[in-house]
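Structure, as structure tokens:
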Amino acid sequence: MTRAPIAVALDAPNLATVTDWAREVGPFVSTLKVGLEAYLRDGRSAVDAARLAAPDCAIFLDLKLHDIPATVAGAARAIRDVAPDLLTVHAAGGSAMIAAAVEALPRTRIVAVTVLTSLTDADLVALGLQQEATASARDLAVRLAVEAVAAGAGAIVCSPEEVADIRAAVPSRDVLLITPGVRPAGADLVDQRRVATPAEALRRGADLLVIGRPITGADDPARAAEAIARDLTDG
Ligand code: C5P
């Protein structure tokens, strides 16, 4: 079967589990995502383990960098040898910060994270990031996405709820739209709030779905990945 456009979040409690999950889900998905939990504990060993276990998968390093441009440029240069296919930075870091990451890692697709899928409109108002009268995570996400692409980002992370609006505002197919907050029907939302099912997220225009716990929290991650992937590629 064709690999599904899914990045499995390898948010594992130890390196052995990163390796196991990568080996189990690798045959069914296009991408493996190494995030803060694994990278801060295991460093590049986490990336090496995922690559070795699933050599055909792209590596998505989700460090969500957010600092002044010089610091982000230095951080990006520091992982040049790790050479991830994708690296996240926060869009809210601003255009100069995004441009600095793009320049520091020319062979990596810099992915700008818009509004975390765990935040609601009410959270944004409480944080002062939106005015009560006009509060909408969607408006903020679209604005952040447009700015990030203008600064050189090659992909955007957004919720399935705003992916269609972002595609309308960023029509270039060279820019990938990546959506976490993906939950198969009936699955536990846990801390995610702005969600959709995998098929619905793709229908709305996502190019790559980030899925963690619905796969890695299953009794059999391989079967869970296969079931979601089959649903998407057959459907
Ligand atoms: O387990 P779950 O499917 O919720 O995993 C989602 C993954 O996507 C986590 O690794 C999380 O860090 C990441 N992510 C997110 N929301 C964003 C950006 C990344 O949930 N806006």
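Both counts, for ligands and for their atoms, begin at 1 and track the order of listing. The shown structure was predicted, so the numbers you read here are calculated from the model rather than taken from an experiment.
A salt bridge is absent between Arg193 and Asp123; no separation between the charged side-chain nitrogens and carboxylate oxygens falls under 4.0 Å. Checked for salt-bridge contact, Glu147 and Arg143 miss the test: no charged N lies under 4.0 Å from a carboxylate O. Under 4.0 Å is where a charged nitrogen must lie from a carboxylate oxygen, and between Lys64 and Asp62 at least one such pair does.
For the salt bridge (charged side-chain N to carboxylate O under 4.0 Å, His left out) condition, no pair includes a residue of residues 89-109, sequence neighbours left out.
Every protein residue with a heavy atom nearer than 4.0 Å to ligand 1 is included here: Ala9, Asp11, Lys33, Asp62, Lys64, Val113, Leu116, Thr117, Val157, Pro180, Arg183, Gln192, Val210, Ile211, Gly212, Arg213, Pro214.
What you find for Arg167 and Asp207 is that their closest heavy atoms are NH2-OD2, 3.0 Å.
Side chain of Arg183 to main chain of Ile211: no donor-acceptor pair is present (N/O by atom type, distance under 3.5 Å, no hydrogens or angles).
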